[in-house]
Amino acid sequence: MVLDRLLKIAAWLSLAAILFVTVSPIGIRPHDVMSVRYDRALAFTAMALLFVVAYPRHFWACAILVILGAATIELLQYFSPTRHARLEDASVKAVGATIGVALGFAANWIRPPRSS
């Protein structure tokens, strides 16, 4: 029960962090040692994995929303004057989300069902 709650909190916090990083001005965007392409893919992989594992009964809804959400989140950059939305970036995010969905599906399939 505690694990379920933590997974849900982590999933929503990961979405909030991705939204912040995506639409914040480029000057306050965090920088790391990975290439931007891998950084985006990994962030969406982790977020999708968390949502699918946190909400196993809503697998299809999570899968569709996180993959389509990649494009939607990219489009939010039109509202930031220092950012730009690109199809290539949305594609990288969608591929990362798809990998996360697959990993989440595998994790849900492997682990025993949780009681409600």
Side-chain angles (χ1 to χ4, degrees):
M1 181 113 148
V2 172
L3 178 61
D4 292 340
R5 184 168 288 154
L6 289 174
L7 284 169
K8 289 176 181 175
I9 291 169
W12 288 103
L13 286 175
S14 68
L15 174 61
I18 287 173
L19 283 169
F20 172 77
V21 169
T22 301
V23 299
S24 65
I26 198 75
I28 63 171
R29 184 182 186 276
H31 300 286
D32 56 25
V33 295
M34 276 194 271
S35 78
V36 177
R37 188 176 271 179
Y38 291 125
D39 188 37
R40 290 177 182 132
L42 185 59
F44 274 81
T45 298
M47 180 190 66
L49 171 65
L50 285 168
F51 269 103
V52 170
V53 171
Y55 297 96
R57 291 190 177 114
H58 304 285
F59 169 77
W60 287 109
C62 288
I64 291 167
L65 290 173
V66 296
I67 294 168
L68 290 178
T72 304
I73 290 171
E74 185 68 20
L75 288 174
L76 287 175
Q77 290 186 1
Y78 280 119
F79 297 107
S80 178
T82 62
R83 306 302 296 267
H84 57 279
R86 294 182 0 180
L87 182 59
E88 178 185 348
D89 294 346
S91 299
V92 168
K93 292 172 182 178
V95 167
T98 303
I99 293 168
V101 166
L103 291 172
F105 178 81
N108 286 337
W109 185 70
I110 291 170
R111 71 184 185 154
R114 300 184 300 255
S115 60
S116 297

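It should be emphasised that the depicted structure is a prediction, and the values quoted were computed from it without experimental measurement. Position 1 is the first residue of the sequence, and the numbers go up from there.
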How many angstroms lie between atom [atom1] of [X] and atom [atom2] of [Y], to the nearest 0.5 angstrom?
{"X": "Leu103", "Y": "Asn108", "atom1": "CG", "atom2": "CG", "answer": "11.0 Å"}
{"X": "Gln77", "Y": "Leu75", "atom1": "CD", "atom2": "CG", "answer": "9.0 Å"}
{"X": "Ile67", "Y": "Ile99", "atom1": "CD1", "atom2": "CD1", "answer": "10.5 Å"}
{"X": "Leu15", "Y": "Phe44", "atom1": "CG", "atom2": "CZ", "answer": "8.0 Å"}

Using the test ring pair (Phe, Tyr, Trp, His ring centres under 6.0 Å), find all partners of Tyr78 that sit at least two apart in sequence or belong to another chain. none
Give me the atom names and distance for the closest heavy-atom approach of [X] to [Y].
{"X": "Ala70", "Y": "Ala94", "answer": "CB-N, 3.6 Å"}
{"X": "Ala90", "Y": "Ala71", "answer": "CB-CA, 4.1 Å"}
{"X": "Ala10", "Y": "Leu50", "answer": "O-CD1, 3.7 Å"}
{"X": "Thr22", "Y": "Ile73", "answer": "CG2-O, 3.4 Å"}
{"X": "Ile18", "Y": "Ala43", "answer": "CD1-O, 3.6 Å"}

If hydrophobic clusters are built from ILVMFWY residues whose side chains come within less than 4.5 Å, do [X] and [Y] share one?
{"X": "Leu19", "Y": "Trp12", "answer": "yes"}
{"X": "Tyr55", "Y": "Val101", "answer": "yes"}
{"X": "Phe51", "Y": "Trp60", "answer": "yes"}

Please collect all salt bridge (charged side-chain N to carboxylate O under 4.0 Å, His left out) contacts where either partner lies in residues 58-76, sequence neighbours excluded, each pair once. Glu74-Lys93
Have a look at Met47 and tell me which of Val52, Leu42, Val66 forms a side chain to side chain contact (heavy atoms under 4.5 Å, CB included) with it. Val66
Verify the neighbour count for atom CZ of Phe105: are there more than 12 heavy atoms of other residues, nucleotides or ligands below 6.0 Å? no
Hydrophobic side-chain clustering at under 4.5 Å (ILVMFWY, transitive links): who's grouped with Leu13? Put none if nobody. Ile9
